[in-house]
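Read through the structure below, which is laid out as structure tokens, and then see the notes.
The chain is numbered in sequence order, starting from 1.
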Amino acid sequence: MKKRFRDLAALGLAAVMAAGSLTGCQKEQQPARTEAPTTQAAAEAGKQQESQGSGETEAAPLSGSLEIVTNGNEATFNAVTAIFQKFMEENPGVTIDFTTQGSDYEQLMKARMASNDLPDMFVTHGWSVARYSEYLRPLTDQPWYGTIEESFLSNIQDDNGDIFVLPLDMDQSGVIYNKRILEELDAEYPRTWDEFLSLCGRAKEKGYTGVFVAGKDSRQLASVMNISAVTYLINCEDKGYGQQLKDGTFDWNNWEPVSGLLMTLKENGYLNVDAVTCDPIDIPSRMAEDNVLFLITSSAYLISQAEELNGDIRYSLGPIPALNENYESAFCGGEREAYGIWKDTKNEELCLALLEYMARPENVRIVCEASGKRSAIKDVNPDLGAVGEAFKEYADVAIYPIFDRVYLPNGMWSTLKTVGSAIIGGEMTVEESIKVMEADYETLRAQN
């Protein structure tokens with residue numbers, strides 16, 4: 001679903017419209033100015049006194065129209081909308097046309113890249129370097145650069161150390177688990193995949209769902225493989241699979257455990273009975289029934305959504321189980337609500353001022369609490385409830401980059417969606433899935 005937010009500056013009114021079509025807003029030429037207002041004070045007040053020789057001059061107020069696009073969910077979209085509205089109230093000469101495109105975002109952005117007609121600012125959804133960097137203005141020179149979490153920087157830096165986005169929050173993918181059911185099973189959180197599957201079996205014997213998936217949206221199943229691949233293939237670094245995937249020498253028979261996990265869950269009855277048809281919108285209510293043991297997901301905010309429906313449930317977020325006892329568990333993560341500036345925008349200074357405004361800790365906190373995700377900016381401590389406690393508990397667990405963004409050629413997310421759906425739908429064997437993965441990898445790698 002597409003959603004739009006636009007400020008009608010003459011009326012001082014914000015409107016949010018669902019299912020609106022994306023249209024480019026008219027760009028207004030900025031008035032001449034003596035100094036670019038790129039400080040937070042300029043963003044807040046629309047003016048700044050600059051010393052020039054023996055006198056002072058007042059910078060021109062911020063003005064202009066921006067088109068900004070995201071693929072954020074409704075909660076995140078509404079949070080960013082509120083920030084933009086406040087910015088425009090403080091800068092009456094600014095209008096912002098802000099839309100969220102949801103699942104249509106990737107195709108929209110590919111089409112707009114092809115025509116070199118991009119929004120003034122847009123979310124990079126994990127691809128600020130690999131896909132979008134050639135279209136973006138580098139932002140390493142910005143005053144908020146030093147506030148980015150150091151452990152996160154490598155996820156958004158190119159080989160020269162440049163960044164192209166302001167990251168507000170970050171994905172941290174792992175396994176949501178039910179504390180109450182683990183206690184009933186007299187078990188601790190699983191360290192390895194073998195322990196994980198054993199607990200799924202024990203949960204099934206008690207009448208619980210081992211792993212819940214909402215397969216009506218194929219992205220859910222792709223995400224299971226994308227997350228599990230981190231410990232099946234990447235953090236077991238002595239095997240060299242990561243480098244082989246990068247240089248094209250990977251033996252695709254080694255993909256078997258990743259597809260095999262989905263097949264094992266399906267064949268052993270560890271999935272919910274409506275795994276193929278369940279809509280993601282129903283996940284929180286199903287979690288609230290308190291009979292789900294695990295969800296392999298990047299959507300930790302599901303915990304707070306489920307808690308709103310049933311305050312007695314106790315879910316938390318744990319790391320991805322290790323390949324075996326010789327290796328460590330891990331998280332995977334990357335940029336989520338991260339905004340870049342189109343290098344050809346006619347409103348560069350206004351975009352820079354807006355990014356500085358968005359980077360303020362109080363605004364970052366608003367976005368993180370809406371999305372339920374960790375802050376990518378230092379010294380911002382959003383109230384994330386049980387998830388926030390989990391981040392503290394597992395603070396020393398390594399966070400690896402999201403698998404497909406680093407180790408698969410651009411476009412293979414679609415392949416993961418196809419393969420995941422086909423496996424749990426009984427339309428593809430593990431062996432067939434390996435052949436599909438290899439063929440698409442070779443084709444897309446040649447194109448890239």
Side-chain angles (χ1 to χ4, degrees), residues 71 101-116 118 122-136 155-159 164-165 171 173 217-234 239-263 298 332-335 338 340 400-425 427-448:
N71 67 338
Q101 301 296 311
S103 60
D104 297 329
Y105 189 81
E106 188 168 357
Q107 293 306 314
L108 168 77
M109 295 305 294
K110 286 181 178 179
R112 296 193 67 167
M113 284 190 291
S115 62
N116 196 37
L118 289 161
F122 56 92
V123 162
T124 54
H125 61 110
W127 295 94
S128 63
V129 175
R131 181 178 299 172
Y132 294 117
S133 59
E134 64 180 291
Y135 299 94
L136 294 172
N155 286 275
I156 57 173
Q157 285 178 320
D158 68 4
D159 292 339
F164 302 87
V165 288
D171 279 324
S173 303
D217 185 340
S218 58
R219 292 176 297 177
Q220 300 283 319
L221 301 165
S223 183
V224 171
M225 291 191 291
N226 215 26
I227 293 170
S228 62
V230 170
T231 54
Y232 276 127
L233 299 176
I234 302 306
K239 296 182 179 296
Y241 295 149
Q243 183 58 42
Q244 293 163 17
L245 283 160
K246 288 181 177 181
D247 64 27
T249 62
F250 181 68
D251 180 351
W252 278 92
N253 289 315
N254 292 317
W255 180 260
E256 188 278 333
V258 183
S259 287
L261 174 64
L262 274 179
M263 186 64 77
S298 62
C332 65
E335 70 208 66
Y400 284 76
I402 295 173
F403 178 77
D404 73 304
R405 298 177 186 175
V406 176
Y407 300 103
L408 297 180
N410 186 7
M412 277 200 75
W413 177 247
S414 295
T415 307
L416 289 172
K417 292 194 294 182
T418 298
V419 167
S421 293
I423 288 174
I424 72 160
E427 301 163 357
M428 188 180 289
T429 65
V430 170
E431 292 73 21
E432 289 168 340
S433 75
I434 292 172
K435 292 178 181 178
V436 170
M437 290 291 296
E438 182 174 16
D440 284 8
Y441 171 87
E442 296 293 348
T443 297
L444 291 168
R445 191 168 187 275
Q447 292 175 358
N448 292 343

* Looking at W255 and A229, what are the two nearest heavy atoms and their distance? -> CZ3-CB, 4.4 Å
* **S433 OG to E427 CD distance, which is reported to the nearest 0.5 Å** => 13.0 Å
* Structure fact -> Hits for side-chain hydrogen bond (donor to acceptor under 3.5 Å, both in side chains) against S228, two or more places apart or cross-chain, chain-then-number order -> none
* **For L262 against G420, the heavy-atom pair lying closest together** => CD1-CA, 3.8 Å
* To do: Supply the atom-to-atom distance M109 CE to D104 CG, rounded to the nearest 0.5 angstrom.
  => 13.0 Å
* To do: Find out whether S218 and T418 are in side-chain contact, i.e. whether some heavy atom of one side chain is under 4.5 Å from a heavy atom of the other.
  => no
* Asked: What's the verdict on side-chain contact (heavy atoms from CB on, under 4.5 Å) for F122 and L136, showing C-alpha distance, side-chain angles and the deciding distance?
  -> CA-CA 10 Å; F122 56 92; L136 294 172; 3.4 Å; yes
* Supply the atom-to-atom distance K110 NZ to N410 CG, rounded to the nearest 0.5 angstrom. => 5.0 Å
* Minimum-distance pair of heavy atoms, taken over all atoms of E106 and R131 -> OE2-NH2, 3.1 Å
* Asked: Would a 4.5 Å heavy-atom cut-off, applied to side chains only, mark N71 and Q101 as touching?
  -> no
* Working to the nearest 0.5 Å, report the span between CE of M225 and CH2 of W413. => 8.5 Å
* side-chain hydrogen bond (donor to acceptor under 3.5 Å, both in side chains): which pairs involve residues 436-447, sequence neighbours left out? -> T415-D440
* Asked: Considering only heavy atoms from C-beta outward, does the side chain of L416 approach that of M437 to under 4.5 Å?
  -> yes
* To do: Mark yes or no for whether N226, through its side chain, and D404, through its backbone, hold a donor-acceptor pair below 3.5 Å.
  => yes
* Asked: Going by atom types only, do D171 and S173 share a side-chain donor-acceptor pair under 3.5 Å?
  -> no
* Asked: Any side-chain heavy atom of Q157 sitting closer than 4.5 Å to one from V129?
  -> no
* With side-chain contact (heavy atoms from CB on, under 4.5 Å) as the test, would you mind laying out the steps for F403 and L245 before giving the verdict? => CA-CA 10 Å; F403 178 77; L245 283 160; 3.8 Å; yes
* To do: Search all heavy atoms of I234 against all heavy atoms of G242 and return the closest pair with its distance.
  => CD1-CA, 3.8 Å
* Y135 side chain near N116 side chain, heavy-atom distance below 4.5 Å -> yes
* Less than 4.0 Å between a side-chain N and a carboxylate O, is that true for E431 and K435? -> no
* Asked: Would you say the side chain of I402 lies within less than 4.5 Å of the side chain of V406, judging by non-hydrogen atoms?
  -> no
* To do: Taking the side chain as every heavy atom from C-beta outward, state whether D158 and S133 have any pair of such atoms under 4.5 Å apart.
  => no
* Structure fact -> D159 meets the side-chain hydrogen bond (donor to acceptor under 3.5 Å, both in side chains) criterion, sequence neighbours left out, with none
* Closest approach of S298 and I227, non-hydrogen atoms and distance? -> N-CD1, 3.8 Å
* N254 and Y232: side-chain contact (heavy atoms from CB on, under 4.5 Å), yes or no, with the steps? -> CA-CA 9 Å; N254 292 317; Y232 276 127; over 6 Å; no
* Are any of the side-chain heavy atoms of E256 and I434 separated by less than 4.5 Å? -> yes
* Structure fact -> On a heavy-atom basis, the closest approach of T124 and Y132 is O-CE1, 3.5 Å
* Do side-chain atoms of S223 reach the backbone of R219 as a donor and acceptor pair under 3.5 angstrom? -> no
* **Worked verdict on I423 versus E432 for side-chain contact (heavy atoms from CB on, under 4.5 Å)** => CA-CA 9 Å; I423 288 174; E432 289 168 340; over 6 Å; no
